[in-house]
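For reference, the structure discussed in these notes is given below.
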Amino acid sequence: MKLLKSMIAFVILFVAANVNAQNKNNSQKPTIIFVHGLFADGSSWSEVIPTLLSSGYDVISVQNPTSSLAEDVAYTKRAIDKAAGPVILVGHSWGGFVITEAGNDPKVKGLVYVAALAPDKGETLPGLSATAPATELGKYFAQSNGYMTLTREGVQRVFAEDLSPSQQDVVYATQNAANGKVFADTVTEAAWKTKPSWFVVAKSDKSLHPDLQRFFVKRMKAKSIEVDASHVVMISKPKEVLKLILEAANSK
């Protein structure tokens with residue numbers, strides 16, 4: 001009889017421990033992982049990170065090398081592995097390619113695209129861009145040994161035109177050179193087909209046409225907002241971007 005009581009007590013404790021662990025996991029705030037785009041670095045999220053940290057979220061801003069999709073995904077997956085629990089991936093511009101591939105990780109519970117590309121399997125950046133009205137971004141590339149950066153004029157006119165001159169200087173100074181071969185890279189599986197998605201459309205974007213962004217929203221059936229901002233909407237309109245990120249983070 002004593003053995004039976006001990007076994008019953010053990011089973012009760014085991015079940016209770018698992019229920020408590022499950023409840024803790026369900027209530028755990030996700031880690032917010034940011035993935036920057038081309039001609040940028042992890043500091044491009046500096047206007048939204050402090051508020052998330054003060055709200056109790058763990059945050060990682062990936063410093064992806066923009067050397068190839070495979071390498072950028074590898075950097076992002078290391079960040080996902082580092083996270084203690086569930087993850088929300090937030091990608092800007094080319095970062096949308098990265099989160100579309102890396103988002104297939106089971107720890108990822110949602111994807112937030114910020115003026116970003118959201119490709120399907122086999123689609124390239126130039127191919128997608130050709131389906132929408134042309135922008136003037138390509139006129140401002142500076143190339144060296146297969147790598148590209150944006151000229152100062154490009155930052156001022158088509159990339160970050162709604163920022164102050166001092167903010168534009170920081171964007172120009174902190175940009176990471178992009179390897180030209182990223183333009184031929186494709187994803188293997190599109191995570192947005194199986195993961196909830198959110199999208200910030202930058203209505204005044206002169207780098208990634210707003211109509212292309214709206215195409216992604218419609219194709220993904222993403223929850224979206226439209227903000228009157230340049231391509232770097234997370235810097236010029238951080239409150240609006242934060243609101244959508246928090247919506248994604250609080251989704252069940």
Side-chain angles (χ1 to χ4, degrees), residues 35-41 44 64 66-69 72 91-101 111-163 167-168 171-172 174-187 190 192 197-222 224-237 240-241:
V35 183
H36 65 80
L38 304 182
F39 319 121
D41 78 344
S44 60
N64 52 302
T66 60
S67 52
S68 70
L69 178 60
D72 288 359
H92 173 244
S93 195
W94 161 257
F97 255 81
V98 182
I99 70 171
T100 296
E101 182 71 25
L111 309 166
V112 181
Y113 293 82
V114 180
L117 294 145
D120 201 349
K121 182 177 180 179
E123 294 177 339
T124 64
L125 194 162
L128 285 167
S129 298
T131 65
T135 68
E136 296 187 352
L137 183 67
K139 295 180 179 180
Y140 299 99
F141 289 163
Q143 301 192 38
S144 176
N145 298 318
Y147 284 81
M148 290 178 288
T149 55
L150 273 183
T151 64
R152 187 181 295 275
E153 187 180 11
V155 171
Q156 295 169 340
R157 291 194 173 191
V158 302
F159 196 74
E161 66 276 10
D162 57 350
L163 300 187
Q167 288 176 308
Q168 291 172 341
V171 170
Y172 176 73
T174 58
Q175 66 175 305
N176 194 36
N179 193 315
K181 68 181 181 181
V182 302
F183 293 103
D185 285 344
T186 61
V187 300
W192 51 260
S197 300
W198 290 258
F199 204 111
V200 178
V201 175
K203 293 197 296 183
S204 301
D205 199 331
K206 296 179 180 178
S207 295
L208 182 65
H209 200 281
D211 285 352
L212 183 56
Q213 297 177 45
R214 295 181 182 109
F215 164 76
F216 294 138
V217 169
K218 184 177 180 180
R219 181 168 70 173
M220 291 191 295
K221 298 179 175 61
S224 65
I225 60 171
E226 296 207 0
V227 181
D228 189 9
S230 71
H231 190 52
V232 290
V233 56
M234 67 283 192
I235 302 175
S236 61
K237 298 291 177 67
E240 290 85 343
V241 174

Original post:
Which atom names give the shortest non-hydrogen contact between His36 and Thr66, and what distance separates them?
Top reply: CE1-CG2, 3.8 Å
**OP:** Apply side chain to side chain contact (heavy atoms under 4.5 Å, CB included) to Ser230 and list each qualifying residue two or more places apart in sequence or on a separate chain.
**Re:** Glu161, Asp162, Val232, Ser236
**OP:** Run the numbers on Met148 and Gln143 for side-chain contact (heavy atoms from CB on, under 4.5 Å), then give the verdict.
**Re:** CA-CA 5 Å; Met148 290 178 288; Gln143 301 192 38; 3.5 Å; yes
Original post:
Considering all heavy atoms of both residues, which atom of Ala116 and which atom of Gly91 are nearest to each other, and what is their separation?
Top reply: CB-O, 3.4 Å
Original post:
In Å and rounded to the nearest 0.5 Å, what is the CG to CD1 distance from Asp72 to Ile99?
Top reply: 12.5 Å
Subject >> Distance, nearest 0.5 Å, that separates CG of Leu38 from NE2 of His92 >> reply: 10.0 Å
**OP:** Could you tell me which non-hydrogen atom of Gly96 sits nearest to which non-hydrogen atom of Pro119, and how far apart they are?
**Re:** O-CD, 4.2 Å
Subject >> Where at least one partner belongs to residues 197-211, residue pairs that pass side chain to side chain donor-acceptor pair (under 3.5 Å), sequence neighbours excluded >> reply: Trp198-Glu247, Ser204-Asp228, Asp205-Gln213, Asp205-His231, Asp211-Arg214
Original post:
With no hydrogens and no angle check, is any side-chain donor or acceptor of Gln175 less than 3.5 Å from a backbone partner on Leu150?
Top reply: yes
Original post:
How many angstroms lie between atom CZ of Phe159 and atom CG of Leu208, to the nearest 0.5 angstrom?
Top reply: 10.5 Å
Subject >> side chain to side chain donor-acceptor pair (under 3.5 Å) partners of residues 115-136, not counting sequence neighbours, each pair once >> reply: Asp120-Lys193, Glu123-Arg219
Subject >> Heavy-atom closest pair, residues Tyr147 and Ser67 >> reply: OH-CB, 4.5 Å
**OP:** Give the minimum heavy-atom separation between Ile235 and Ser44, together with the two atoms involved.
**Re:** CG1-O, 3.5 Å
Original post:
Does the Asp185 side chain pair with the main chain of Leu69, one donor and one acceptor, at a distance under 3.5 Å?
Top reply: yes
Original post:
How about Phe183 and Phe97: are their ring centroids closer than 6.0 Å?
Top reply: no
**OP:** Quick one: pull up OG in Ser93 and CG in Leu125 and give me the separation to the nearest 0.5 Å.
**Re:** 7.5 Å
Original post:
Please walk me through it: do Phe199 and Phe216 pass side-chain contact (heavy atoms from CB on, under 4.5 Å)?
Top reply: CA-CA 9 Å; Phe199 204 111; Phe216 294 138; 3.7 Å; yes
Original post:
Nearest 0.5 Å, what's the OH-OG1 distance between Tyr113 and Thr100?
Top reply: 3.0 Å
Original post:
Could you give the distance from CG (Asn176) to CZ (Phe39), rounded to the nearest 0.5 Å?
Top reply: 10.0 Å
